[in-house]
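This report refers to the structure that appears directly beneath it.
Computed from a prediction, not measured in an experiment: that's the story for all the values here. Proteins get letters first, then strands, A, B, ... in listed order; numbering begins at 1 in each.
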Amino acid sequence: MWQEMIESFSIRWKVYVNVYIRNERVFKVCFSNGPVNEFIQSKVSKILKKDMEKYFEGKKVDFVRYDVILNKSNFVKSVLNYVRKIPYGNVVTYGFIAKILNTSPRAVGRALSLNPVPIVIPCHRVVSSNGLGGFSQGVWIKRELLKLELNLN
DNA sequence: GACGACTTGTTAT
DNA sequence: ATAACAAGTCGTC
């Protein structure tokens, strides 16, 4: 009973945004931010849309201010929360994160593949030591995102 | 350097 | 229980 109340409260509300690359719908981003309130909701989705547009124009956008609810295991949460802090334009390896969190690179990749909100949690900034690594929506998207952030053609 | 086998922590079934 | 992975390391050639 108590647990049920906590859960229904923590679901709050969600904002969905479709992300397009080359006129192709690539994935859906889901956000949440604060308690149920339609006024705030519409306002936040507008801000989010603006942020996304800015991001795809190649401008630096800080998504840390969005509060993402993660319905995941503690391990996945800790990986995702670490990845959130990687600044725009920076790149780290799976092994690097594994060392910090005292786990294995493979486990890090596994956790990253469960990322519900690409871009907002910038999992594309995590690469393998010898190459790009993977990306659940396709590695070419990861390449595009990094090109965008690193200002390569 | 390129390739392969072995290690690895976590999730999914 | 065990298979499946968005990886890394060390060995051989």
So, OP1 or OP2 of C/dG8: does either fall under 4.0 Å of a side-chain N or O from A/Ser129? yes
So what does A/Ser128 hit on the nucleic acid, given a heavy-atom distance under 4.0 Å: a base, only sugar-phosphate, or nothing? sugar-phosphate
Between C1' on C/dA7 and CG on A/Leu132, what's the gap in Å once rounded to a whole number? 14 Å
Is there a residue in residues 83-100 of chain A whose heavy atoms reach under 4.0 Å of DNA chain B, and which residues are they? none
In whole Å, what is the span from the CG atom of A/Asn130 to the C1' atom of C/dA6? 12 Å
Go through the structure and list residues passing side chain to side chain contact (heavy atoms under 4.5 Å, CB included) with A/Val91, not counting sequence neighbours. A/Val127, A/Leu146
What distance do A/Ile121 atom CD1 and A/Leu114 atom CG have between them, rounded to the nearest 0.5 Å? 11.0 Å
Could you work out, with side-chain hydrogen bond (donor to acceptor under 3.5 Å, both in side chains) as the rule, every residue matching A/Lys59, not counting sequence neighbours? A/Glu57
Which class fits the ring pair A/Phe96 and A/Tyr82: parallel under 30°, tilted 30 to 60°, perpendicular over 60°? tilted
Enumerate the side chain to side chain donor-acceptor pair (under 3.5 Å) contacts for residues 125-135 of chain A, please, sequence neighbours excluded, ordered by first and then second residue. A/Arg125-A/Glu149, A/Ser128-A/Asn130
Out of curiosity, A/Trp140 CH2 to A/Leu132 CG, how far, rounded to the nearest 0.5 Å? 13.5 Å
Protein-to-nucleotide contact annotation, 5' to 3' order, nucleotides 5-12 of chain B [B base; S sugar-phosphate only; - none; under 4.0 Å, heavy atom]: --BBBBBS
Given the rule that a pair is Watson-Crick or G-U wobble with both distances under 3.5 Å, how would you write DNA chain C in dot-bracket, using | for pairs to a different strand? |||||.|||||||
Test side-chain contact (heavy atoms from CB on, under 4.5 Å) on A/Phe56 and A/Ile119 and set out the steps. CA-CA 10 Å; A/Phe56 283 106; A/Ile119 298 184; 3.3 Å; yes
